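Just below is one structure, and these are the notes that go with it.
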Amino acid sequence: MKETLDPKIFLKPVTFVAGVATAEQFPVLTLPEVAFIGRSNVGKSSLLNALTNNGRLARTSSHPGHTRQLNFFNVSDVLHVVDVPGYGYAKAPKHMVKKWQDLLFDYLRGRPQLARAFVLIDARHGVTPEDGKMLAMLDDAAVSYQLVITKADKVDEKKLEWARGRAEASAAKRPAAFPGVLVTSAETKRGIDALRLAVIDALSGRR
Ligand code: GTP
Ligand code: MG
């Protein structure tokens, strides 16, 4: 039987491996990886920082569209986590949006070590039509993924249940979606331990 990873791996210092803006630059890496995907400003970088107990690893910004490249981080020489640029940034020119979608699809299709993608959903908005398109892309790329509600601290429990319910209903309809929806807040650290366990679960059988 394989030993289960200790969630303490997330508490060790994390190192930046590469920032990638074109498909030719995808780093050749052998460790399994998980990716964090979601609309601009949904809280990807913040959640990654909370996951790895790091105040300032992935840059966070109140200006949507801040992260423009796929950023790869090494966690304890056990896995890589990938911070993916946000989609749905209304002010981005069309050709930039297309370029980004192509890059993301190339990544998703050509990455056998990608164990699971975590698709982040803002508690205030629930699953949006743009999120739906992203889920369809993941289904097309045959990447298994799990939905994660972010910014739980920004809404009351009733709204949170609404967002979770919508996310669960979306996941239930999707072939490559993992059933459990996680509820998190990078601010209060709610759900971060459960997210760590979900990452470890994604890696089981991959090492
Ligand atoms: P892009 O890289 O632009 O796609 O954004 P992102 O998804 O990485 O979002 P980021 O982590 O930069 O967060 C966007 C804003 O939301 C920042 O002002 C964060 O401080 C804030 N934020 C992120 N997570 C939370 C959370 O759990 N609670 C609250 N209250 N604010 C959050
Ligand atoms: Mg970011």
Side-chain angles (χ1 to χ4, degrees), residues 10 14-21 33-75 80-94 96-105 107-108 116-135 137-138 145-164 167 181-196 198-199:
F10 295 106
V14 171
T15 52
F16 175 75
V17 176
V20 174
E33 63 198 33
V34 294
F36 287 79
I37 299 177
R39 290 175 59 202
S40 293
N41 205 45
V42 70
K44 292 173 296 298
S45 300
S46 303
L47 194 63
L48 226 143
N49 287 333
L51 175 78
T52 59
N53 201 32
N54 200 301
R56 44 190 300 149
L57 171 72
R59 286 199 297 172
T60 59
S61 165
S62 52
H63 304 289
H66 188 85
T67 310
R68 297 250 177 238
Q69 51 185 12
L70 286 112
N71 288 315
F72 292 74
F73 300 93
N74 178 309
V75 178
H80 290 107
V81 293
V82 187
D83 188 11
V84 172
Y87 50 84
Y89 180 42
K91 283 186 192 150
K94 273 214 168 77
M96 290 290 294
V97 173
K98 171 88 174 72
K99 197 176 153 215
W100 179 81
Q101 282 173 339
D102 290 349
L103 178 71
L104 184 55
F105 196 63
Y107 167 72
L108 295 172
R116 192 179 297 177
F118 291 91
V119 182
L120 277 45
I121 305 291
D122 193 314
R124 296 168 299 178
H125 309 306
V127 178
T128 66
E130 276 180 321
D131 294 326
K133 284 185 199 159
M134 185 67 237
L135 303 187
M137 192 200 273
L138 286 156
Y145 55 90
Q146 184 166 11
L147 303 188
V148 179
I149 306 286
T150 62
K151 306 193 185 185
D153 62 287
K154 290 251 196 190
V155 298
D156 59 26
E157 289 298 317
K158 197 169 162 221
K159 179 106 197 220
L160 198 54
E161 272 317 303
W162 166 85
R164 189 217 294 262
V181 172
L182 299 171
V183 172
T184 66
S185 164
E187 189 75 24
T188 65
K189 308 291 186 275
R190 175 173 178 175
I192 301 302
D193 284 338
L195 178 63
R196 287 177 180 151
V199 171

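Nothing here was measured: the structure is a model prediction, and the numbers come from that model. Start at 1 and go down the list; that is how both ligands and their atoms are numbered.
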For residues [X] and [Y], report the shortest heavy-atom separation together with the two atoms involved.
X: Val127; Y: Ile121; answer: N-CG2, 3.7 Å
X: Val42; Y: Asp122; answer: CG2-N, 3.4 Å
X: Val82; Y: Leu70; answer: CG1-CD2, 3.8 Å

Report yes if some N/O of [X] lies less than 3.5 Å from some N/O of ligand 1; otherwise report no.
X: Asp83; answer: no
X: Ala152; answer: no
X: Gly43; answer: yes
X: Thr150; answer: no

At less than 4.0 angstrom from any non-hydrogen atom of Gly86, what atoms of ligand 1 do you find?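 Those qualifying, in numeric order: 4 (O).
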Close approach of Ser185 to ligand 1, heavy atoms, under 4.0 angstrom: yes
Determine, considering heavy atoms only, which of Ser46, Ser40, Ala50, Pro85 sits nearest to atom 13 (O) of ligand 1. Ser46
Compare Arg39, Lys189, Lys44, Lys154 and give the one whose heavy atom is closest to atom 4 (O) of ligand 1. Lys44
When you check the side-chain N and O atoms of Asn49 and Ser46, is any donor under 3.5 Å from an acceptor? no
Please classify the Asn41 to ligand 1 contact at 4.0 Å (heavy-atom distances, strictly less than): side chain, backbone, both or neither. both
Could you check whether Arg164 pairs with Glu161 (Lys NZ or Arg NE/NH1/NH2 to Asp/Glu carboxylate O, under 4.0 Å)? yes
Arg196/Asp193 salt bridge by N-O under 4.0 Å criterion: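 Yes, this pair counts.
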When you measure from the Mg ion (ligand 2) to the N, O or S atoms of Ser45, does any of those distances fall below 2.8 Å? yes
Using 30° and 60° as the class boundaries, would you call the ring planes of Phe36 and Phe118 parallel, tilted or perpendicular? parallel
